[in-house]
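Just so it is clear, the values below take in all heavy atoms, side chains as well, and ignore hydrogens, waters and symmetry mates. Residue numbers start at 1 and run along the sequence shown.
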Amino acid sequence: MSINWVMLDEQKGGFVHLVGEKLIYASPARTGFALTTPRTYPGNDPLSIQSSAGMVSLTNQRIVYLPATSTPQFMSFSCPLTNLHDSRVSAPMFGPNVWQAVVQPVAGGGISPNHSHVEIKLTFKEGGAFDFHTNFERIKERLHQAVEAARASGITGSTSSRGACPIAGVNMDAVHLDELPTYQDSGLDALAPQPAPPAPPVRAPVQREDPAPSFQEVVEGRAPAQRQNTIPADAPPGYEETQQQSIEQELEARLAKAS
């Protein structure tokens, strides 16, 4: 983090980009700025730097604020993304949206060594707070992943609160900045063949025995021979005699009724 250390481009306006630095977001020109010590712990040397209007730029490495009207005391502010913590957006009922974060100072950045951390507040008077915050969180996450990968490879080491910038030695060109595309089924990916369902068990056909001929069929002679002579295999003893007696009794009853 540094105050009045941003190299300005006097011909084109704005600031000179660092090596591998890419602009992600630029706010409207009426964005307010405030850098103060926490209210709960102001310390012996309280800090208060403010600007009512200016432009904040978000890059893949840092945020840069340039006031609309510079003074010898405040001409620019910059801070690496990895030195910003606890970022949040608040939307008051009255007034513009505000973005706030905790700043971790570095040695030689223009902040007194008495302050272990300070607070930054950006007031988006013309909108853009949520767009800024969304892009900030996305880029910071990608940058943290690149720093951790470089640290695991021994390219950069852990730093103290006022040590060197942790992104030193990180290949910024390898940090993916664009939004990841949403997944869409192209229809070209072949799915693994699904196993065929098991065949249903084959059941032997049930052989049904013809029912015994009715009395009417016997009297009229329409009962087939195989039906007249068919006796079930599991018939109880005396089945044939019982059937014959039943037919005779029914025949006698009908003859008696007919006479």
**Message:** Just by distance, no angles: are the side chains of S87 and Q100 close enough, under 3.5 Å, to form a donor-acceptor pair?
**Reply:**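 Absent: no donor and acceptor within the cut-off.
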**Request:** Ignoring hydrogens and angles, state whether a donor on the side chain of E21 or T59 is under 3.5 Å from an acceptor on the partner side chain.
**Result:**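 E21 vs T59: donor-acceptor pair found between side chains.
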What closest approach, in Å, do [X] and [Y] show between heavy atoms, and which atom pair accounts for it?
X	Y	result
S90	P92	O-CD, 3.4 Å
I63	L81	CG2-CD2, 3.8 Å
G110	I3	O-CD1, 4.3 Å
N135	D131	ND2-O, 2.7 Å
F124	S27	CE2-CB, 3.9 Å
G20	N60	O-ND2, 3.1 Å

If we only count heavy atoms from C-beta on, is the [X] to [Y] side-chain gap below 4.5 Å?
X	Y	value
V102	V118	no
T82	L143	yes
P38	H117	yes
Q50	S48	yes
F15	S57	yes
W99	F136	yes

**Request:** Not counting sequence neighbours, which residues clear ring pair (Phe, Tyr, Trp, His ring centres under 6.0 Å) with F33? List them please.
**Result:**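 With neighbours one apart ignored, the set is Y65, F74, F77.
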Supply the atom-to-atom distance [X] [atom1] to [Y] [atom2], rounded to the nearest 0.5 angstrom.
X	Y	atom1	atom2	answer
T123	N97	OG1	CG	9.5 Å
S78	R62	OG	CZ	5.0 Å
E252	I247	CD	CD1	12.5 Å
T36	H115	OG1	NE2	10.0 Å
K22	Q61	NZ	CD	10.5 Å
M75	T71	CE	OG1	8.0 Å

**Prompt:** Which is it for L66 and M55 under the side chain to side chain contact (heavy atoms under 4.5 Å, CB included) test, yes or no, and what are the steps along the way?
**Reply:** CA-CA 6 Å; L66 301 178; M55 177 181 295; 5.5 Å; no
Count I, L, V, M, F, W, Y as connected when their side-chain heavy atoms are under 4.5 Å apart, and connections chain through other members. Are [X] and [Y] then in the same cluster?
X	Y	result
L84	V64	no
L122	V6	no
L58	V16	no
V56	V98	no

Under 3.5 Å, side chain of [X] to main-chain N/O of [Y], donor-acceptor pair present?
X	Y	value
K125	A29	no
T31	P28	yes
Y25	T134	no

**Message:** Tell me whether the count of non-hydrogen atoms from other residues, nucleotides or ligands lying under 6.0 Å of NZ in K140 goes above 12.
**Reply:**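 Counting neighbours around NZ of K140, more than 12 heavy atoms of other residues, nucleotides or ligands fall under 6.0 Å, so yes.
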**Request:** Kindly determine whether L35 and I111 satisfy side chain to side chain contact (heavy atoms under 4.5 Å, CB included), including the steps that lead there.
**Result:** CA-CA 10 Å; L35 188 69; I111 300 298; 4.2 Å; yes
**Message:** For V106 and N83: C-alpha separation, side-chain torsions, deciding distance, then whether side chain to side chain contact (heavy atoms under 4.5 Å, CB included) applies.
**Reply:** CA-CA 9 Å; V106 296; N83 286 56; 3.3 Å; yes
